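Predicted model, so just to flag it, every value in this text is computed and none were measured. Numbered from 1 within each chain, the chains take letters A, B, ... in sequence-line order.
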Amino acid sequence: MPELPEVETIANGVHQRVVGARITSVWTSGKPQTFKTPPAALEAALSDSTILEVKRVGKTIVMRVRPESAGDAAPLDFLIHLGMTGRLVVATPDVPPPPHTHAVLSLADGREVRFVDPRRFGRLSLAAGTYTGPGAEPTTIGEQEFIALFRGRKLAIKAALLHQSLLHGVGNIYADESLFRAGIRPTRPAGRLTRAELLRLREALRAVLARAIQLGGSSVSDYVDAEGMRGYFQIEHAVYGRGGQPCKTCGTPVKKIVVGGRGTHYCPQCQR
DNA sequence: CGTCCCACCTGATTGC
DNA sequence: TGCAATCAGGTGGGAC
């Protein structure tokens, strides 16, 4: 479900609500697929800890906690990956937990942080040290570093943008939207793009992500932030989800194809 | 190692 | 209306 702008919106919203709160106990559904760290270990590590910070790294929500019990215990990173349908919501116990709730952190003030995930593609785990993610941050990466990511690569630029060990945080929507804004066809081999095209792509990506964060992300079906609010960037989508409809720039029908197994949208006129 | 493709799940929508 | 097929914002592992 969520890509960088959606994950950032959720992380910021949860941070505002729970920073400084103390986790008193943890409940888990025990569904094995959801837990990269065994549920019992998660419950033990997070119970009686204080939430120092909630932030985004790539598409992962990082909840940094300090264990209370063991005096000078080092802070710990609790990682929440939302997969396609995951949600992280702050609620009060009088609101019944929705179906597919897989983890609940009970806070000392009575509120709960709930992880809900119908398709169970999401993952919960503890990081060994400070989590830095698998790749580079698309919002802050420099020009030379960006260009170097794609050198010599034969895969389609669209597929390369989705490769999290290169750039983390970019998903299907923002790959398509940034390629449109840069005027680059998604099927082009990544290593064949010119320096000028890659610089355009870097700028397009930064602009698209910044604008999407500003609008609270894209709500394509059921994505909501920590407060249950929808995002509004989908209104500004130029190509994603617009197959067959006229290009907003030139009127040519937007094409929908499959690249790297993912639905891919582009304008055959504007993107070369 | 780089790349491709499919499995992993549930639910909403489309099509017959 | 009813039921089956198709599709979905993501990853990770196996095959080549």
Quiz item: Do any N or O atoms from the side chain of R111(A) and from the backbone of A108(A) form a donor-acceptor pair under 3.5 angstrom?
Solution: no
Quiz item: Atom NE2 of H163(A) and atom P of dC4(B): how far apart are they, to the nearest Å?
Solution: 11 Å
Quiz item: Sub-3.5 Å donor-acceptor pair from the side chain of E8(A) to the main-chain atoms of I213(A), do we have one?
Solution: no
Self-check item: Rounded interatomic separation in angstrom, taking NZ from K154(A) and P from dC1(B)
Solution: 17 Å
Practice problem: Please determine, for the side chain of H100(A), which listed nucleotide (dG10(C), dA8(C), dG11(B)) has the closest atom? | Solution: dG11(B)
Practice problem: Keeping the roles fixed (side chain from R56(A), backbone from G58(A)), state whether a donor-acceptor pair exists under 3.5 Å. | Solution: yes
Quiz item: Within less than 4.0 Å of OP1 or OP2 of dT3(B), is there a side-chain N or O belonging to R153(A)?
Solution: yes
Practice problem: Flag as yes if F121(A) stacks onto the base of dC8(B) (centroids under 5.5 Å, planes under 30°), otherwise no. | Solution: yes
Exercise. Sticking with atom C1', work out how far dA12(B) lies from dT11(C), rounded to a whole angstrom.
Key: 22 Å
Quiz item: Within less than 4.0 Å of OP1 or OP2 of dT11(C), is there a side-chain N or O belonging to Q164(A)?
Solution: yes
Quiz item: What is the nucleic acid contact for Y174(A), judged by heavy atoms within less than 4.0 Å: base, sugar-phosphate only, or nothing?
Solution: nothing
Exercise. Just call it for G261(A): base, sugar-phosphate, or nothing, with non-hydrogen atoms closer than 4.0 Å on any strand.
Key: nothing
Quiz prompt | Nearest to side-chain heavy atoms of P118(A), which nucleotide of dT10(B), dC9(B), dG9(C) | solution = dT10(B)
Quiz item: Would you say D176(A) and K158(A) make side-chain contact, with heavy atoms under 4.5 Å?
Solution: yes
Self-check item: Rounded distance [0.5 Å steps], CG in L205(A) versus CG in L198(A)
Solution: 11.5 Å
Self-check item: Side-chain donor/acceptor of Q245(A) to backbone N/O of P253(A), under 3.5 Å
Solution: no
Quiz prompt | Span that lies between the P atom of dT6(C) and that of dC6(B), in whole angstrom | solution = 14 Å
Quiz item: Taking CD1 from I173(A) and P from dA8(C), how many angstroms apart are they, rounded to a whole number?
Solution: 11 Å
Quiz item: For R262(A) and dG9(C), is the shortest distance between a side-chain N/O and OP1 or OP2 below 4.0 Å?
Solution: yes
Practice problem: Have a look at R123(A) and say if it touches a base, only the backbone sugar-phosphate, or nothing, with a 4.0 Å heavy-atom cut-off. | Solution: nothing
Quiz item: Any link between L42(A) and I61(A) through a network of hydrophobic side chains (Ile, Leu, Val, Met, Phe, Trp, Tyr) touching at under 4.5 Å?
Solution: yes
Quiz prompt | Base dC9(B) to side chain R119(A), donor-acceptor N/O within 3.5 Å cut-off | solution = yes
Quiz item: Counting side-chain heavy atoms from C-beta on, which of dC4(B), dT11(C), dG12(C) comes nearest to K36(A)?
Solution: dG12(C)
Quiz item: Partner of dG9(C) by Watson-Crick or G-U wobble geometry, both contacts under 3.5 Å, or none?
Solution: none
Quiz prompt | For atom CD1 of I80(A) and atom C1' of dT11(C), their distance in whole Å | solution = 17 Å
Quiz prompt | P gap between dT14(B) and dG9(C), integer Å | solution = 15 Å
Quiz item: What is the distance, rounded to the nearest whole Å, between atom CG of L161(A) and atom P of dT3(B)?
Solution: 13 Å
Quiz item: Between dG9(C), dG2(B), dT11(C), which nucleotide gets closest to the side-chain atoms of E3(A)?
Solution: dG9(C)
Exercise. Starting at atom CG of L82(A), determine the distance to atom C1' of dT10(B), rounded to an integer number of angstrom.
Key: 16 Å
Quiz item: Tell me: NE2 of H102(A) to C1' of dT10(B), nearest whole Å?
Solution: 10 Å
Exercise. Between dC9(B), dG2(B), dG10(C), spot the one nearest the side chain of N172(A), thanks.
Key: dG10(C)
Quiz item: So what does K31(A) hit on the nucleic acid, given a heavy-atom distance under 4.0 Å: a base, only sugar-phosphate, or nothing?
Solution: nothing
Practice problem: Check whether any side-chain nitrogen or oxygen of H81(A) sits under 4.0 Å from OP1 or OP2 of dG10(C), and answer yes or no. | Solution: no
Practice problem: Send over the distance from D117(A) CG to dA8(C) P, rounded to a whole Å. | Solution: 18 Å
